[in-house]
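Written below as structure tokens is the structure these notes are about.
For clarity, every value in this text was computed on a predicted model and none was experimentally measured.
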Amino acid sequence: MRAMLLAAGQGTRLRPYTDKIPKPMVQIGGKPILEHNVESLTAYGIKDIAINLHYCPGVIMDYFGDGAKWGVKIRYSYEESLLGTAGALKVIPDFFDETFILWYGDNLCHLNLAQLVDFHNKKGGIATIALHWREEVSQVGIVDFNEDCRILRFLEKPSPDQAFSHWVNAGVYVLEPDILKHIPENQNCDFGRHLFPELLKSGQNLYGYRMDENEKFWWIDRTEDLRAVLRDWEGREI
């Protein structure tokens with residue numbers, strides 16, 4: 001399989017940590033978040049990786065090069081203007097010629113990718129979203145799903161009176177190439193704000209994979225989140 005890591009954002013809410021580096025290059029446990037994600041992919045045999053770039057692109061390119069150090073092949077996709085989490089796919093459509101992984105590169109997430117892909121293949125939808133349970137949901141995308149894990153509703157950053165679920169988007173997806181047909185050309189398009197709600201409206205099958213207690217997600221959005229994660233990782237074997 002192939003995978004794309006999203007690494008174009010500026011991470012403004014993590015300043016001053018991101019004054020000179022992209023958010024995915026913030027270090028946790030002695031290595032950048034993005035490196036943790038590359039290693040997670042390689043652990044499951046995924047070695048053909050694309051990374052999109054915008055803010056401080058040289059930092060990422062200088063660090064990872066062609067990916068040989070990690071035993072992978074890395075292709076870079078530069079965006080002059082940010083195209084959004086979904087719009088990023090349209091820059092290199094030829095890369096997505098089979099079922100693929102999309103991973104938000106500024107998320108630190110340990111999950112069983114083989115299990116996630118197997119779940120996706122069994123369900124047969126156009127997209128499967130990895131979900132984790134979170135108490136506070138005002139800054140994330142939430143989902144409602146039926147007993148078959150088919151997603152019925154998706155809402156980005158709900159107000160307190162709109163919050164119908166605590167299962168939230170973990171930023172790791174398994175997607176079918178057909179999803180590119182639903183992404184507009186040359187304009188900003190976000191999975192949570194635009195594409196997922198539109199796919200549901202049009203009757204496409206989306207499924208939610210609920211991460212279990214052995215699969216971990218560390219929320220890193222604001223400086224206080226980062227400090228909490230850094231405390232959590234102190235003394236861990238990385």
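- Side-chain atoms of L206 and F154, non-hydrogen and from C-beta on, never get closer than 4.5 Å to each other.
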Quiz item: Stepwise, does the side chain to side chain contact (heavy atoms under 4.5 Å, CB included) test hold for L113 with W103?
Solution: CA-CA 11 Å; L113 279 177; W103 192 311; 3.9 Å; yes

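- Ion pairing between a basic and an acidic side chain is recognised when a charged N comes within 4.0 Å of a carboxylate O; D48 and R75 show no such pairing.
- Between E80 and H54, the side chains place no donor N or O within less than 3.5 Å of an acceptor N or O (distance only, hydrogens not considered).
- A88 and E79 make their closest contact through CB-OE2, 3.2 Å (heavy atoms, listed as atom of the first residue, atom of the second, distance).
- Using a 4.5 Å heavy-atom threshold, the side chains of C56 and I21 count as separate.
- Annotation: side chain of V117 is in contact with side chain of M1 (closest heavy-atom distance under 4.5 Å).
- For the side-chain contact (heavy atoms from CB on, under 4.5 Å) with I33, the lone residue among V38, V229, I28, L5 that qualifies is I28.
- Heavy-atom minimum distance, F145 versus V143: CD2-CG2, 3.7 Å.
- Here the shortest heavy-atom pairing between L34 and I60 reads CD2-CG2, 3.9 Å.
- In the model, Y44 has no side-chain atom that pairs as donor or acceptor with a side-chain atom of Q115 under 3.5 Å.
- A cation-pi contact, defined as under 6.0 Å to the ring centre and within 45° of the axis, links R2 to F95.
- Without hydrogens or angle criteria, N52 side chain to A7 main chain gives a donor-acceptor distance under 3.5 Å.
- K20 is linked by a salt bridge (charged side-chain N to carboxylate O under 4.0 Å, His left out) to nothing, counting only residues two or more places apart in sequence or in another chain.
- Here the side chain of K123 pairs no donor or acceptor atom with the backbone of G208 at under 3.5 angstrom.
- A perpendicular orientation is assigned to the rings of Y207 and F119, their planes being inclined by more than 60° (bins at 30° and 60°).
- Taking D212 as the reference, nothing meets the salt bridge (charged side-chain N to carboxylate O under 4.0 Å, His left out) condition, with sequence neighbours excluded.
- Grouping the Ile, Leu, Val, Met, Phe, Trp and Tyr side chains by contacts below 4.5 angstrom, directly or via other members, places Y55 apart from I74.
- In this structure a side-chain-to-backbone donor-acceptor pair under 3.5 Å is present from T85 to F191.
- Proximity of the aromatic rings of F196 and Y173 is defined here by a centroid distance below 6.0 angstrom, and this criterion is met.
- The salt bridge (charged side-chain N to carboxylate O under 4.0 Å, His left out) test applied to R153 returns D144, not counting sequence neighbours.
- Remark: D118 engages K122 in a side-chain hydrogen bond (donor to acceptor under 3.5 Å, both in side chains) (not counting sequence neighbours).
- Scanning for ring pair (Phe, Tyr, Trp, His ring centres under 6.0 Å) contacts around H110 gives W218, W233, with sequence neighbours left out.
- Distance alone, capped at 3.5 Å, places no donor-acceptor pair between the H120 side chain and the L116 backbone.
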Exercise. Decide yes or no on side chain to side chain contact (heavy atoms under 4.5 Å, CB included) for N37 and L41, but give the supporting numbers first.
Key: CA-CA 6 Å; N37 297 337; L41 292 170; 5.7 Å; no

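- Using a 4.5 Å heavy-atom threshold, the side chains of L195 and H182 count as touching.
- Listed here is the closest heavy atom pair of I179 and A127: CD1-CB, 4.2 Å.
- In terms of modelled atom types and a separation under 3.5 Å, the side chain of K90 and the main chain of I183 share a donor-acceptor contact.
- With hydrophobic clusters built from ILVMFWY side chains whose heavy atoms lie under 4.5 angstrom apart, L82 does not share a cluster with M61.
- Legend: side chain to side chain donor-acceptor pair (under 3.5 Å) pairs involving residues 56-66, not counting sequence neighbours, sorted by first then second residue: E35-Y63.
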Quiz item: Is there a side chain to side chain contact (heavy atoms under 4.5 Å, CB included) between E156 and R193 once you walk through the steps?
Solution: CA-CA 6 Å; E156 189 74 14; R193 289 184 292 118; 3.8 Å; yes

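- Shortest non-hydrogen contact noted between A170 and M211 is CB-SD, 4.0 Å.
- The side-chain heavy atoms of Q162 and L155, taken from C-beta on, include a pair separated by under 4.5 Å.
- A 4.5 Å side-chain heavy-atom check between H132 and V168 finds at least one atom pair inside the cut-off.
- In this structure, N107 contributes its side chain and C109 its backbone to no donor-acceptor pair below 3.5 Å.
- By the 4.5 Å heavy-atom criterion applied to side chains, M4 and F96 are counted as neighbours.
- I126 and L152 are assigned to two separate hydrophobic clusters, defined by single-linkage of ILVMFWY side chains at heavy-atom distances under 4.5 Å.
- Side-chain atoms of D190 never come within 3.5 Å of backbone atoms of H194 as a donor-acceptor pair (strictly under, hydrogens ignored).
- Side-chain contact check for N112 and E215: no donor-acceptor pair (N or O, by modelled atom type) lies under 3.5 Å.
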Quiz prompt | Verdict with supporting geometry, I220 and D106, side chain to side chain contact (heavy atoms under 4.5 Å, CB included) | solution = CA-CA 8 Å; I220 307 168; D106 59 355; over 6 Å; no

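- Looking at every heavy atom in both residues, G71 comes nearest to K47 through O-CD, 3.4 Å.
- You'll find the side chain of W167 stays beyond 4.5 Å of the side chain of I151, heavy atoms only.
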